[in-house]
Amino acid sequence: MPEISVTAIPAFTDNYIWLISSGGNHCAVVDPGDAGPVKKALQQAGLQLDYILLTHHHMDHIGGTAELVSATGAKVFGPHDSRIPGQDRSYGEGETVDLPKLRLKFDVIEVPGHTSSHIAFYGHGSLFCGDTLFSVGCGRLFEGTPAQMLNSLDKIAALPPATRVYCGHEYTLSNCDFAREVEPDNKKLAARASAAEAARATGRSTLPSELGDELAVNPFLRSRHPAVVAAAKKHNPAAKPGESTLAEIRAWKDRW
Ligand SMILES: [Zn+2]
């Protein structure tokens, strides 16, 4: 099996466009919100763009797609959603996206919550999850319910703990600040915050994170953990493990 190589192309203020290659001169990108930085990265690395993978319809994730297609002829694969123009094929739960020029395949996982048609791509020990899961956070619930987001996060949590999580934004520092209000006594969270501070201080990305580490520090993956439920109860005494705790923590973060 080819070795997957993933690099971050920063875009806008805090987006990441992920560049995937596997040893040859072919590559794919995930969520190219802006074409400019991708073209530059392709030129610098001497890579041919063959595939564009899209997780959801927000412009900061798809906005550069048309320009990249006209420049490179790349094929576009994303979710079933008429709001995303120009897709060569759309995919749903349990289907596999085949990228033959990279000799890579990714399983599609439907993860509604941030948007109704959001998907994630999983394969080769890597998860590309757009704005569903962030390091130490999760996406806002623009089109989905807390129950849908909980179900989506549960699907992600069931992947192998060594899975590398490539999310759509560099939000880790502020997510750590919020998570420490939820769980002030979580020592692994304090360590994650220190590591993230050190990374950002030297201009490095805090991503990818490891799923096993997220399970220990991410309040949205921990909505059944007693400490997180107790924090939710301070805002809503009726909060119970799971959906209502996730709803309360998400609403708290929205106001925060
Ligand atoms: Zn989004």
Side-chain angles (χ1 to χ4, degrees), residues 6 8-20 28-38 52-68 76-87 90-93 97 106 108-122 126-156 165-175 178-179 205-209 211 214 218-221 246-247 249-256:
V6 183
I9 304 173
F12 308 117
T13 48
D14 50 34
N15 281 73
Y16 286 126
I17 301 164
W18 296 108
L19 177 86
I20 304 172
V29 291
V30 183
D31 286 355
D34 191 3
V38 175
I52 295 172
L53 306 182
L54 304 174
T55 63
H56 68 294
H57 74 282
H58 286 158
M59 279 308 284
D60 63 318
H61 294 253
I62 70 169
T65 302
E67 189 180 332
L68 288 171
V76 182
F77 304 138
H80 302 305
D81 193 323
S82 60
R83 296 172 294 189
I84 304 177
Q87 292 199 68
S90 59
Y91 290 81
E93 180 77 22
V97 181
F106 292 94
V108 171
I109 308 171
E110 290 185 355
V111 287
H114 178 66
T115 70
S116 56
S117 66
H118 202 304
I119 57 173
F121 301 93
Y122 171 71
S126 303
L127 176 74
F128 299 90
C129 53
D131 291 354
T132 298
L133 180 69
F134 295 123
S135 183
V136 204
C138 80
R140 282 179 186 253
L141 300 180
F142 287 123
E143 298 178 359
T145 63
Q148 283 178 314
M149 183 55 103
L150 180 63
N151 188 49
S152 296
L153 294 178
D154 282 346
K155 287 188 201 175
I156 291 173
V165 179
Y166 295 93
C167 30
H169 291 269
E170 179 61 67
Y171 287 160
T172 312
L173 280 186
S174 69
N175 284 346
F178 173 75
S205 171
T206 64
L207 304 173
S209 64
L211 182 58
E214 289 300 322
N218 188 320
F220 299 96
L221 288 172
L246 175 67
I249 301 287
R250 186 60 261 178
W252 178 8
K253 178 78 160 50
D254 289 348
R255 297 188 301 270
W256 185 71

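Numbering of residues begins at 1 and proceeds along the displayed sequence. Both ligands and their constituent atoms are indexed starting at 1 by order of listing.
Applying the ring-ring contact (aromatic ring centres under 6.0 Å, His included) criterion to F106, with sequence neighbours excluded, gives H124, F128. Residues satisfying the side chain to side chain contact (heavy atoms under 4.5 Å, CB included) test with A147, not counting sequence neighbours, are T145, E243. With sequence neighbours left out, D34 forms a salt bridge (Lys or Arg N to Asp or Glu O under 4.0 Å) with no residue at all.
Inspection of the environment of the Zn ion (ligand 1) yields the following protein N, O or S atoms under 2.8 Å: H56 NE2, H58 ND1, H114 NE2, D131 OD2.
A heavy-atom distance below 4.5 Å is not found between the side chains of V30 and H61.
Each of Y122, F77, F121 was scored for a side-chain contact (heavy atoms from CB on, under 4.5 Å) with V108, with one residue passing: F121.
When only modelled atom types and interatomic distance are considered, D131 and H56 share a side-chain donor-acceptor pair under 3.5 Å.
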